[in-house]
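Taking it in order: structure first as structure tokens, then the write-up.
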Amino acid sequence: MVQEKKLVEEVSGWLRAYDDGSVDRTWTGPPEVKFMAEPVSPHEHFIDGIATRDVTIDQNSGLRARIYLPEEENPKFPIILHFHGGGFCISQADWFMYYQFYTRLAKSIPAIVVSVYLRLAPENKLPAAGDDGYAALLWLKSLSKGESNEPWLNTHGDFNRVFLIGDSSGGNIVHEVATRSGFIDLNPLRLAGAIPIHPGFVRAQRSKSELEQPESPFLTLDMVDKFLALALPNGCTKDHPITCPMGSFAPPIETLNLPPLMYCVAEKDMIKDTEMEYYELLKKANKDVELFISTEMGHSFYLNKIAIDTDPVTAAQTSGLMEGIKVFINKH
């Protein structure tokens, strides 16, 4: 007789985990938003000024990345290394929500974007996603030294201007990778800046904004609690260094060798209080940080194509965020 597997955890229509270790990530929420979480096939020909391809970074682990190449005539483009969000448990680098934003960003700067297919929890608990982000940076270093080759990057990339960027939990990976890179020699690659966007910095204890701010399609208390419970190593709380770099388990911010930061916060983000706590620590430690606040907006608003197309305020704030990133990158 076949033993039926039992549902152990379900998260907001995004994920179901079973007692046999299997995970179902089929979207079960409103069907009209499903398209944002569907993969976009790579296209090595230019569409609207951008070509994309998927490459394998590490043959042994199978780690992959998606590359966005602008069509512009430019001797060398800055390189933006991107870490996707999803509470460490869902989403992929090829999802439409990232494709629609990062094609626009790559074209507007212009820059090459390299988006990493991070391993997901609970199958791969933290620090797996951090390890993948760091491995991708080391891969760029190997390209810069001529130890390996990726034609688009080696031909068109400026390894003297590499930036980290990440959405939501990907913002946590930006901090993690920037922290690790501060302990090694990246030459001839230069890490020119880091851009955490609405990073998933939280504490075990609920913040005031978590209790008072409205939930958004991209962040609910259910998602915060359950995704992190699935992602963190067994026995760890949200005070883990990756989810709480301002906590007592993390190395003090003042001891870190961080690149210049553009730190992006949304005014109505549910986790704004803990995000701002991290920013205040950066300022106190005299780190080079610029704060960029998107007014009236919630968590990861710029990934919501429906809102961008139907709400002029969201559209304007998305363009403003993109322009802010462009200015920061062109300055560094």
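Residue numbers start at 1 and run along the sequence shown.
- Taking the charged nitrogens against the carboxylate oxygens, Asp225 and Lys238 do have a contact shorter than 4.0 Å, which makes a salt bridge.
- Ion pair Arg180/Asp131 flagged as a salt bridge, since at least one NZ, NE, NH1 or NH2 atom sits closer than 4.0 Å to an Asp/Glu carboxylate oxygen.
- Closest approach of Ala250 and Pro245 over heavy atoms only: CB-O, 3.4 Å.
- Judged by distance alone, with hydrogens and angles left aside, the side-chain atoms of Ser207 form a donor-acceptor pair with the main-chain N or O of Glu210 at under 3.5 Å.
- Atoms CD and OG1, on Glu296 and Thr314 in that order, are 10.0 Å from each other to the nearest 0.5 Å.
- In this structure, Leu219 and Ser300 have side chains that are not in contact, with every pair of non-hydrogen atoms separated by 4.5 Å or more.
- Counting non-hydrogen atoms of other residues, nucleotides and ligands closer than 6.0 Å to CZ of Phe249 gives a total of 12 or fewer.
- The two residues Ser181 and Leu191 make their nearest non-hydrogen contact at OG-CD2, 3.4 Å.
- Under a hydrophobic clustering in which Ile, Leu, Val, Met, Phe, Trp and Tyr are joined whenever their side-chain heavy atoms come within less than 4.5 Å, directly or via other members, Val327 and Ile79 fall into different clusters.
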For residues 112-121, run the donor-acceptor check on the side chains, cut-off 3.5 Å, and write out each pair with its distance to 0.1 Å, sequence neighbours left out.
{"from": "Ser115", "atom 1": "OG", "to": "His82", "atom 2": "ND1", "distance (Å)": "2.8"}
{"from": "Tyr117", "atom 1": "OH", "to": "Asp54", "atom 2": "OD1", "distance (Å)": "3.2"}
{"from": "Tyr117", "atom 1": "OH", "to": "Asp54", "atom 2": "OD2", "distance (Å)": "3.0"}
{"from": "Arg119", "atom 1": "NE", "to": "Asp132", "atom 2": "OD1", "distance (Å)": "3.1"}
{"from": "Arg119", "atom 1": "NE", "to": "Asp132", "atom 2": "OD2", "distance (Å)": "3.1"}
{"from": "Arg119", "atom 1": "NH2", "to": "Ala128", "atom 2": "O", "distance (Å)": "3.4"}
{"from": "Arg119", "atom 1": "NH2", "to": "Asp132", "atom 2": "OD1", "distance (Å)": "3.0"}

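- Linking ILVMFWY side-chain heavy atoms closer than 4.5 Å, directly or via other members, places Val11 and Tyr18 in two distinct hydrophobic clusters.
- Within a 6.0 Å sphere centred on CD of Gln205, other residues, nucleotides and ligands contribute 12 heavy atoms or fewer.
- Atom OH in Tyr68 sits 10.0 Å away from atom CG in Leu105 (nearest 0.5 Å).
- A 4.5 Å side-chain heavy-atom check between Met36 and Ile306 finds at least one atom pair inside the cut-off.
- In the hydrophobic cluster analysis, where Ile, Leu, Val, Met, Phe, Trp and Tyr join through side-chain heavy atoms closer than 4.5 angstrom, Leu303 is grouped together with Phe301.
- Between Phe292 and Ile325, the closest side-chain pair of non-hydrogen atoms is not below 4.5 Å.
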Ile109 vs Asn330, test: side-chain contact (heavy atoms from CB on, under 4.5 Å). Steps then yes/no.
CA-CA 8 Å; Ile109 292 174; Asn330 287 336; 4.1 Å; yes

Output, in order, the C-alpha distance, side-chain angles, deciding distance and verdict of ring pair (Phe, Tyr, Trp, His ring centres under 6.0 Å) for His84 and Tyr102.
CA-CA 11 Å; His84 63 74; Tyr102 286 96; over 10 Å; no

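- In this structure, the side chain of Lys272 does not engage the main chain of Ser209 through any donor-acceptor pair within 3.5 Å.
- Judged purely by atom type and a 3.5 angstrom limit, Lys107 uses its side chain to pair as donor or acceptor with the backbone of Asp48.
- Residue Val40 is grouped with residue Tyr302 when hydrophobic side chains (ILVMFWY) are merged at heavy-atom distances under 4.5 angstrom, including chains of intermediate members.
- Tyr98 and Ser91 form a side-chain donor-acceptor contact under 3.5 Å, judged by distance and modelled atom types alone.
- Rounding to the nearest 0.5 Å places NE2 of His299 at 2.5 Å from OG of Ser168.
- Note: His156 and Phe77 have tilted aromatic rings, judged against thresholds of 30 and 60 degrees for the angle between ring planes.
- Grouped with Tyr263 in one hydrophobic cluster are Phe201, Met246, Ile253, Leu256, Leu258, Leu261, Val265, Met276, Tyr278, Tyr279, Leu281, Leu282, Val289, Leu291, Ile293, the linkage being side-chain heavy-atom contacts under 4.5 Å among Ile, Leu, Val, Met, Phe, Trp and Tyr residues.
- The number of heavy atoms from other shown groups lying within 6.0 Å of NZ (Lys283) does not exceed 12.
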Check the pair Cys264 / Glu275 against side-chain contact (heavy atoms from CB on, under 4.5 Å), numbers first and verdict last.
CA-CA 9 Å; Cys264 305; Glu275 290 173 335; over 6 Å; no

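- Counting only heavy atoms from C-beta outward, the side chains of Val313 and Met297 approach each other to under 4.5 Å.
- A heavy-atom distance below 4.5 Å is found between the side chains of Ile90 and Phe227.
- Contact record, Ala136 with Leu63: N-CD2, 4.4 Å, taken as the closest heavy-atom pair.
- Atom CG of Leu126 and atom CZ of Phe88 lie 5.0 Å apart (nearest 0.5 Å).
- The closest side-chain heavy-atom distance from Met322 to Phe101 is below 4.5 Å.
- A donor-acceptor pair under 3.5 Å is formed between the side chain of Asn172 and the backbone N or O of Ile242.
- The environment of CG in Asn149 is crowded: more than 12 heavy-atom neighbours from other residues, nucleotides or ligands sit within 6.0 Å.
- If you take CG on Leu221 and CG on Leu211, they are separated by 7.5 Å, rounding to the nearest 0.5 Å.
- In this structure, the separation between CD1 on Ile50 and CG on Leu69 is 7.0 Å, given to the nearest 0.5 Å.
- The aromatic rings of His332 and Phe163 sit perpendicular to each other, their planes meeting at more than 60°, with 30° as the lower class boundary.
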May I have the step-by-step check of side-chain contact (heavy atoms from CB on, under 4.5 Å) for Asn304 and Asp311, ending in yes or no?
CA-CA 11 Å; Asn304 187 342; Asp311 175 40; over 6 Å; no

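- Within the 4.5 Å cutoff, side-chain heavy atoms of Thr179 are placed close to those of His175.
- Judged by distance alone, the side chain of Asn154 and the main-chain N or O of Leu143 form a donor-acceptor pair under 3.5 Å.
- In terms of heavy-atom proximity, Arg66 sits nearest to Thr52 at CD-CB, 4.4 Å.
- Nearest heavy atom pair, residue Asp269 against residue His198, reads OD2-CB, 3.6 Å.
- Residue Met270 is not grouped with residue Met223 when hydrophobic side chains (ILVMFWY) are merged at heavy-atom distances under 4.5 angstrom, including chains of intermediate members.
- Using a 4.5 Å cut-off on side-chain heavy atoms (C-beta onward), Glu150 and Trp139 make contact.
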side-chain contact (heavy atoms from CB on, under 4.5 Å) assessment of Gln92 paired with Trp95
CA-CA 6 Å; Gln92 294 288 351; Trp95 275 16; 3.8 Å; yes

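- For the residue pair Arg203 and Thr274, the shortest heavy atom distance occurs at N-CG2, 4.0 Å.
- Heavy-atom neighbours of Lys34 NZ from other residues, nucleotides or ligands within 6.0 Å: at or below the threshold of 12.
- With salt bridges taken as basic N to acidic carboxylate O contacts below 4.0 Å, none links Lys284 and Glu280.
- For the residue pair Ser12 / Asp222, a side-chain donor-acceptor distance below 3.5 Å is found, with atom types taken as modelled.
- Counting only distance, with no hydrogens or angles, the side chain of Lys125 and the backbone of Leu230 share a donor-acceptor pair below 3.5 Å.
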